[in-house]
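What you see below is based on every heavy atom in this structure, not just the backbone, and it leaves out hydrogens, waters and symmetry mates.
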Amino acid sequence: MRLVFMGTPDFAVATLKALIGAGHEIACVYSQPPRPAGRGMAERPSPVHAFAASKGIEVRTPTSLKSPEEQARFAALNADAAVVVAYGLLLPKPVLDAPRLGCFNVHASLLPRWRGAAPIQRAIMSGDAESGVTIMRMEEGLDTGPMCKVSRLAITPTTTAQSLHDELAALGARLMIEVLMQDEIAAMPQPAEGVTYAKKIDKAEARIDFSKSADEVRDHIHGLSPFPGAWFSVSGTRIKVLLCEVVQCQGKPGSFLDDALTVACGSGAIKLLKLQREGKGAMEATDFLRGFPIARGTGTG
């Protein structure tokens, strides 16, 4: 097919690679404009932009698709379909209607659960037993379109936002290829029940509340790992926790129960397995303790 690809972050690159590998013609790529990044705050193209440019594909980075001129430029591509993966701009109806077969989205949740901006993190933080990918034919509503294909993945006690991100990116790429291979792309409406919204992650959510149960604390930590990173403080030092496990201990919530990074929660406890101090890299627990020992009885702030 002749396709337009619309995406921005790393998550979307897997699908673009798969489309190219499957022999589809990528007429153009749309991505968010370059943003200042790094210590020098130089403008840096998005991961999708950088990958497409490396393949010699035209990249467009409009700040909006609302103008008639921008919509006419899109329509002039004469695409069979548009594939959209975490693009970051709403598609107006003239854009949705321009491709011959429509616009298809890789969404990282089991719709209608977790429509919106942060479905991967919210699924883990809410203690969901599973996540997955939905390929959706897009319409004007926020992630409301009919579903073409769905595949599920288990969320385990060791699943983090990063590991789930990587699994779902690969799964979404594979599912999109399967959908585009169909002679006729069928789609069924989303269920009316079970709608939830995955609001954007706010850094203010990242502080760990050890008064919650150990399972809830673990889900909070893993859902924010590695970014922005759930944190606590000891002696004025902020420490991010990137990986942990639930253990069967009891004590005053927020206090260290041993010298090996076991912290009491409202019920149960968690053992901290991977941590990061301010200004330092991520470390396994044993390495962390060599440079920053925390004694039994220490409280978290």
Report task. Would you kindly check if the NZ (Lys) or CZ (Arg) of Arg122 is within the cone defined by 45 degrees around the ring axis of Trp114 and under 6.0 Å from the six-membered ring centre? Result -> no

Query raised in the report: Is the number of heavy atoms from other residues, nucleotides or ligands within 6.0 Å of CG (Leu90) greater than 12?
Result: no

Requested in this report: Answer with yes or no whether the side chains of Asp209 and Ser211 bring together a donor and an acceptor at under 3.5 Å.
Outcome: yes

Report task. Indicate, with yes or no, if Ile120 and Leu175 share a hydrophobic cluster defined by side-chain heavy-atom contacts under 4.5 Å among Ile, Leu, Val, Met, Phe, Trp and Tyr. Result -> yes

Query raised in the report: More than 12 heavy atoms of other residues, nucleotides or ligands under 6.0 Å from CD of Gln248: is that the case?
Result: no

Query raised in the report: Is there a salt bridge (Lys or Arg N to Asp or Glu O under 4.0 Å) between Glu245 and Lys271 once you walk through the steps?
Result: CA-CA 5 Å; Glu245 64 182 0; Lys271 187 175 179 64; over 6 Å; no

**Report entry** Any donor-acceptor pair under 3.5 Å from His107 side chain to Val133 backbone
**Finding:** no

Query raised in the report: Is a side-chain donor-acceptor pair under 3.5 Å present for Ser213 with Glu216?
Result: yes

Query raised in the report: Are the side chain of Asp143 and the backbone of Gly116 linked by a donor-acceptor contact shorter than 3.5 Å?
Result: yes

Query raised in the report: Going through the distances and angles, do Gln190 and Arg115 end up as a side chain to side chain contact (heavy atoms under 4.5 Å, CB included)?
Result: CA-CA 11 Å; Gln190 292 184 33; Arg115 295 174 179 172; 2.9 Å; yes

Query raised in the report: Between Ser31 and Ser46, do the side chains contain an N or O donor and an N or O acceptor separated by less than 3.5 Å?
Result: yes

Query - Cationic N near anionic O, under 4.0 Å, Lys93 to Glu140 - result: no

Query raised in the report: Is it the case that more than 12 heavy atoms not belonging to Lys274 sit under 6.0 Å from its NZ atom?
Result: no

Query raised in the report: Do Leu111 and Ile155 share a hydrophobic cluster (ILVMFWY, side-chain heavy atoms under 4.5 Å, transitive)?
Result: no

**Report entry** Hphob cluster co-occupancy, Ile20 + Leu180, side-chain heavy atoms under 4.5 angstrom
**Finding:** yes

Query - Within 6.0 Å of CZ in Arg35, more than 12 heavy atoms from elsewhere - result: yes

Query raised in the report: With distance as the sole criterion, is a donor-acceptor pair present between the side chains of Thr144 and Glu139 under 3.5 Å?
Result: yes

Query raised in the report: Any side-chain donor-acceptor pair under 3.5 Å between Thr237 and Ser235?
Result: no

**Report entry** Whether Glu70 side chain and Ser64 backbone form a donor-acceptor pair below 3.5 Å
**Finding:** no

Query raised in the report: Does the salt bridge (Lys or Arg N to Asp or Glu O under 4.0 Å) test come out yes or no for Asp259 and Arg296, once each step is laid out?
Result: CA-CA 5 Å; Asp259 299 328; Arg296 179 198 305 262; 5.0 Å; no

Query raised in the report: Are Val263 and Leu242 joined in one hydrophobic group, where the rule is that I, L, V, M, F, W and Y side chains link up if heavy atoms are under 4.5 Å apart?
Result: no

Query raised in the report: Between Ser54 (side chain) and Phe51 (backbone), is there a donor-acceptor pair under 3.5 Å?
Result: yes

Query raised in the report: Under 4.5 Å between side-chain heavy atoms, hopping through other hydrophobics if needed: is there a path connecting Leu273 to Leu257?
Result: no

